[in-house]
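Working notes, beginning with the structure itself.
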Amino acid sequence: MTANLPDPSSTHRAIRARLLAAGFDAIGFCLPTVSKAAKTGLRAFLARGYHGDMGWLAAKTERRLTPHALMPEARTIIMVAANYGPDHNPMCNLSAHKNGNISVYARHRDYHDVMKKRLKATARWMAERYGCIAKPFVDTAPVLEKPLAQQAGLGWQGKHTNLVSRQWGSWLFLGEIFTSMAIPPDQPEGDHCGSCSACLSVCPTDAFPAPYRLDARRCISYLTIEHKGVIPRDLRPAIGNRIYGCDDCLAVCPWNKFAQATTEPLFISRDALTLPSLAWLSELDDPAFRQVFAGSPIKRIGRDRFLRNVIIAMGNSQAPELTPYVKNRLTDHAPLVRGMAVWALSRLTSKEDFDHCRSRMASAEQDSSVITEWQAGADQPRPR
């Protein structure tokens, strides 16, 4: 009976080869346990309230800290990474004030769909070949992916809290397969950040209270993607033209000098998602939004939250020629969009023009958040 069991080392090699052939760029194996440091870090993050309104993090804390809660039979976790490195420095896009800057990870097909399909195929192959249980996950399950990726030797969590690889820099998508097979684990990766603090100092909103510690409530990626409500007034100017996510802390990482631009066609930027016109985006209704962003992770936040971001970028543009497009959104069906249009108007127009719009429109407004924007906008410094 024992003689018929697969050799663990050959199994390790076979699965690695299969995943490389499936299109993944880095593969590692680790035990289904979360380190004490990772547990302490997550609990401290939640206790400080740094997760903001991402209630799902707090709701499933213990499941996230206990891989066996997802799969009691798990004896090994196979961590995979896919390179999505850009072919240019995304920081260059921040000077295109009349265009929207979309995070590199969202300019193409949704990586969740791409990676999940490939992991499912590999899991089926494992079950058929080895008679094991194999369950794939990509981001949406309560898994502490970055600490597990470090345990599996794929990289380390940098001071910006994202995974950094000596081979791929900061541009990696993560996924995993939990399996009932016992496969020899790889050596964990050590920390190679040294004294560098480039990712901390570049953050436009000072979202890092300390190295290796993120206050998501100040993070532009959180504010433009996860946050469902009104973005605080004091943080809006720092958002610039970032309309979905932020790449700054990733892009400045010195380890990116070893990174390579992705050759995966599904991870190469679509033209429509590379610096699209803010004026054009501001005119999208819900059907058009769904059509433009079909197959993109952007679609998940919905048209109203996305236009919230677009209008904030218009307010930061210092481009008065965008004012007519902002005015078009003053009567938008969504209070979230109307409120940001009021804020943007206060930054793009003269006091006289703003007061004229206010006298015509504010009295009919019923939403308290938009009324607050009209009141605050009356005192907003603006060009003459």
Using the six-membered ring wherever Trp is involved, compare the ring planes of [X] and [Y] and label them parallel, tilted or perpendicular (cut-offs 30° and 60°).
X	Y	answer
Y105	Y111	perpendicular
F267	F173	perpendicular
Y84	H108	perpendicular
H227	Y222	tilted

Original post:
What pairs with S103 under side chain to side chain donor-acceptor pair (under 3.5 Å), at least two apart in sequence or on another chain?
Top reply: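 D247.
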**OP:** Take R347 and N316, measure what side-chain hydrogen bond (donor to acceptor under 3.5 Å, both in side chains) needs, and give me the verdict at the end.
**Re:** CA-CA 8 Å; R347 290 171 60 86; N316 291 328; 3.2 Å; yes
Original post:
Taking R290 for the side chain and K299 for the main chain, is one N or O donor matched with an acceptor at less than 3.5 Å?
Top reply: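 No.
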**OP:** Taking the side chain as every heavy atom from C-beta outward, state whether R16 and L19 have any pair of such atoms under 4.5 Å apart.
**Re:**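 Of all side-chain heavy-atom pairs linking L19 with R16, none is under 4.5 Å.
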**OP:** Taking all heavy atoms of F178 and all of I77, pick out the closest pair and write down the distance.
**Re:**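 Looks like CZ-CD1, 3.7 Å.
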Original post:
Minimum heavy-atom separation for E373 to V230, with atom names?
Top reply: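 Between these two residues, the closest heavy atoms are OE2-CG1, 4.2 Å.
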**OP:** Report the C-alpha distance between E189 and H192 in whole Å, list the side-chain angles of each, state the deciding distance to 0.1 Å, and finish with yes or no for side-chain hydrogen bond (donor to acceptor under 3.5 Å, both in side chains).
**Re:** CA-CA 9 Å; E189 180 67 89; H192 301 283; 3.0 Å; yes
**OP:** Starting from the C-alpha separation in whole Å, work towards a yes-or-no answer on side-chain hydrogen bond (donor to acceptor under 3.5 Å, both in side chains) for H68 and T33.
**Re:** CA-CA 8 Å; H68 284 114; T33 56; over 6 Å; no
Original post:
How many angstroms lie between CG in L42 and CZ in R64, if you round to the nearest 0.5 Å?
Top reply: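 If I round to the nearest 0.5 Å, the distance is 7.0 Å.
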Original post:
Is Q366 atom CD crowded by more than 12 heavy atoms from other residues, nucleotides or ligands, each under 6.0 Å away?
Top reply: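 Atom CD in Q366 is not crowded, with 12 or fewer foreign heavy atoms closer than 6.0 Å.
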Original post:
Near K116 NZ, under 6.0 Å, is it more than 12 heavy atoms from other residues, nucleotides or ligands?
Top reply: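 Count over threshold, so yes.
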Subject >> K228/D304 under salt bridge (charged side-chain N to carboxylate O under 4.0 Å, His left out): CA gap, chis, key distance, verdict >> reply: CA-CA 10 Å; K228 296 179 175 62; D304 297 349; over 6 Å; no
